[in-house]
2 protein chains.
Amino acid sequence: MDKATRRQRLFELFNEIGIIQQLAGTAFNNRLPDGLHVSHFTVINHLCRLGDGRTPLQLSRAFQVTKATMTNTLGKLEARGFIRVRNNPADGRSKLVFLTDKGRSFRTTAIATLYPLLDKLDQDLGTEALSRILPQLRQLRTYLDENRDG
Amino acid sequence: MDKATRRQRLFELFNEIGIIQQLAGTAFNNRLPDGLHVSHFTVINHLCRLGDGRTPLQLSRAFQVTKATMTNTLGKLEARGFIRVRNNPADGRSKLVFLTDKGRSFRTTAIATLYPLLDKLDQDLGTEALSRILPQLRQLRTYLDENRDG
DNA sequence: AATCAATAGTTCGATATCTAACTATAATAG
DNA sequence: CTATTATAGTTAGATATCGAACTATTGATT
């Protein structure tokens, strides 16, 4: 495989990833209740699965978005009553994000609307085959994260 | 692997893909000359590699963006003098997109700034290993494309 | 202790993208 | 032919995201 081919392969890789993200994002967004976005769900889901009481910065790092983006997302979630944001007693600059009951029940509803898509995908393509590429994706993600300014 | 695990795996898959897209997109965008975006480059690159004289709709399908998005992208490219858009003599509703010399030379410049990133990635992680996941990504992309309304 | 640098979060302006509604042309059906 | 339906592209409005500049607090250096 010569240099030009390798470059083209890698570029194609990012191209495919970009398209998948767009298609999957749209599919998810269309299923979620009015005005809610995958990014909102993933934050709620994260807090639910791994525990709340995290700072906005921790969340923005977990999803690799800017602090500004997370401020916006959390604002929407708070306006909906899905989270409550408190000052961090341990650090005056910082805040802590907590889930409300409403937030948890939103997750339940959202899951009920999103999981049929995943189940169908599992049935049609097979999770085993798909999740075989997870290690490479994680490796790529970690690499990109570590070489952000390079 | 039980149902809950499979769902979580698939969700994680989309999550990784979303993050990679964000990191790679940002890395590319930061390298491109003022105000230009990966989406602009990919259109130019596509026209250069596979031939110009395509319609906006064909382009929007190739990149899985809406017609409205492609209108916007092509407007920016035309304002920069990278493309010229003509009426399609074969269909009065349609148009055809052609590259200008300026567009081709932009591609050359852009490639020179983007490819070092890909070369470093090739060197550090290896294109062989990475491109091994391309078939699964293509399969997933095709599936999502075909099941867009499902 | 005082100053300077680093960190957390917000605000502001820009932009890429989406959906929905619209215009114009083409294709099909009666 | 005419009328309806489908297709190509644009426009308008909304929003998620980004980068840069700003405020407030913490940490480090002298």
Side-chain angles (χ1 to χ4, degrees), chain A residues 18-43 53-80 83 85-97 148-149, chain B residues 18-43 53-80 83 85-97 148-149:
Chain A
I19 293 176
I20 289 171
Q21 205 270 342
Q22 219 149 28
L23 289 170
T26 304
F28 284 152
N29 288 336
N30 288 343
R31 301 256 167 165
L32 289 171
D34 67 312
L36 288 169
H37 199 261
V38 198
S39 56
H40 302 133
F41 170 73
T42 49
V43 170
R54 319 246 159 178
T55 71
L57 189 61
Q58 285 178 320
L59 293 172
S60 73
R61 287 217 181 98
F63 299 107
Q64 302 293 1
V65 296
T66 62
K67 295 183 295 177
T69 298
M70 191 49 66
T71 297
N72 180 290
T73 303
L74 294 176
K76 296 286 160 67
L77 291 176
E78 195 169 26
R80 290 268 184 163
I83 59 171
V85 181
R86 302 268 175 85
N87 288 328
N88 188 349
D91 187 336
R93 297 166 296 184
S94 177
K95 302 192 170 172
L96 296 177
V97 182
R148 238 190 283 196
D149 311 308
Chain B
I19 292 176
I20 289 171
Q21 204 271 342
Q22 219 149 27
L23 290 170
T26 303
F28 284 152
N29 288 335
N30 288 343
R31 300 257 169 163
L32 288 172
D34 68 309
L36 287 169
H37 199 259
V38 198
S39 56
H40 302 135
F41 170 73
T42 50
V43 169
R54 318 245 160 181
T55 70
L57 189 61
Q58 285 177 319
L59 294 171
S60 74
R61 289 216 180 98
F63 299 107
Q64 302 293 1
V65 296
T66 63
K67 295 183 296 177
T69 298
M70 192 48 66
T71 297
N72 180 291
T73 302
L74 294 176
K76 297 285 161 64
L77 290 176
E78 195 169 25
R80 290 268 181 163
I83 59 171
V85 181
R86 302 266 175 86
N87 287 328
N88 187 350
D91 186 335
R93 296 166 297 185
S94 177
K95 303 192 170 173
L96 296 177
V97 182
R148 237 189 284 197
D149 312 309

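Counting heavy atoms from C-beta outward, A:Leu57 and A:Lys67 have side chains that approach closer than 4.5 Å. When side chains are defined from C-beta on, B:Val97 counts as touching B:Pro56, because their heavy atoms get closer than 4.5 Å. The side-chain heavy atoms of A:His37 and A:His40, taken from C-beta on, include a pair separated by under 4.5 Å. Within the 4.5 Å cutoff, the side chain of A:Thr26 has no heavy atoms near those of the B:Gln64 side chain. B:Val43 has its side chain within reach of B:Met70: a pair of non-hydrogen atoms, C-beta onward, lies under 4.5 Å apart.
Nucleotides of DNA chain D nearest to A:Lys76 and B:Thr26 differ in position, and the one nearer the 5' end is that of A:Lys76. Residues B:Thr71 and A:Leu36 each lie close to DNA chain D; by heavy-atom proximity, the contact nearer the 5' end of the strand is made by B:Thr71. Where A:Arg61 and B:Thr66 meet DNA chain C, the nucleotide closest to each residue was compared, and A:Arg61 sits on the side nearer the 5' end.
Atom CZ of B:Arg54 and atom C1' of D:dG9 are 19 Å apart (whole Å). Atom NE2 of A:His37 is separated from atom P of D:dA14 by 17 Å (rounded to the nearest Å). In this structure, B:Asn88 atom CG and D:dT10 atom P are separated by 13 Å, rounded to whole Å. When the C1' atom of D:dA24 is taken as reference, atom CG of A:Leu57 falls 15 Å away, rounded to whole Å. The interatomic distance linking A:Arg93 (CZ) with D:dT25 (P) rounds to 10 Å, in whole Å. The interatomic distance linking B:Glu78 (CD) with D:dT10 (P) rounds to 9 Å, in whole Å. Atom CZ of A:Phe63 and atom P of D:dA16 are 15 Å apart (whole Å). Straight-line distance from the NZ atom of B:Lys67 to the P atom of D:dA12: 16 Å, rounded to whole Å.
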Test side-chain contact (heavy atoms from CB on, under 4.5 Å) applied to A:Asn87 and A:Lys95, step by step = CA-CA 4 Å; A:Asn87 288 328; A:Lys95 302 192 170 172; 4.1 Å; yes
Go through A:Ile83 and A:Glu78 one step at a time and tell me if the side-chain contact (heavy atoms from CB on, under 4.5 Å) criterion holds.
-> CA-CA 5 Å; A:Ile83 59 171; A:Glu78 195 169 26; 4.1 Å; yes
Show the numbers, then the answer: is there a side-chain contact (heavy atoms from CB on, under 4.5 Å) between B:Leu59 and B:Leu74?
-> CA-CA 10 Å; B:Leu59 294 171; B:Leu74 294 176; 4.1 Å; yes
Show your reasoning for whether side-chain contact (heavy atoms from CB on, under 4.5 Å) applies to B:Val85 and B:Leu96.
-> CA-CA 6 Å; B:Val85 181; B:Leu96 296 177; over 6 Å; no
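Residues forming a side chain to side chain donor-acceptor pair (under 3.5 Å) with B:Gln22 (at least two apart in sequence, or on another chain): none.
Out of D:dC18, D:dG9, D:dA6, the shortest distance to the side chain of B:Ser94 is found at D:dG9. Comparing D:dA6, D:dT17, D:dG19 by their nearest atom to the side chain of A:Ser39 picks out D:dT17.
At least one side-chain nitrogen or oxygen of A:Thr69 sits closer than 4.0 Å to the OP1 or OP2 atom of D:dC18. One finds a side-chain N or O of B:Lys95 lying less than 4.0 angstrom from the OP1 or OP2 phosphate oxygen of D:dT10. Taking only side-chain nitrogens and oxygens, B:Gln22 never comes nearer than 4.0 Å to OP1 or OP2 of D:dA16.
Contact annotation for B:Asn29: no contact, since no heavy-atom pair falls under 4.0 Å across all strands. Across all strands shown, B:Asp91 has heavy atoms under 4.0 Å from sugar-phosphate atoms exclusively, and none from any base.
Across its full length, the helix from C:dA1-D:dT30 to C:dG30-D:dC1 shows an angle of 20° between the axes of its 5 terminal pairs at either end, rounded to 10 degrees.
With a cutoff of under 4.0 Å to any heavy atom of chain B, the contacted region of DNA chain C is bounded 5' to 3' by C:dA16 to C:dA26.
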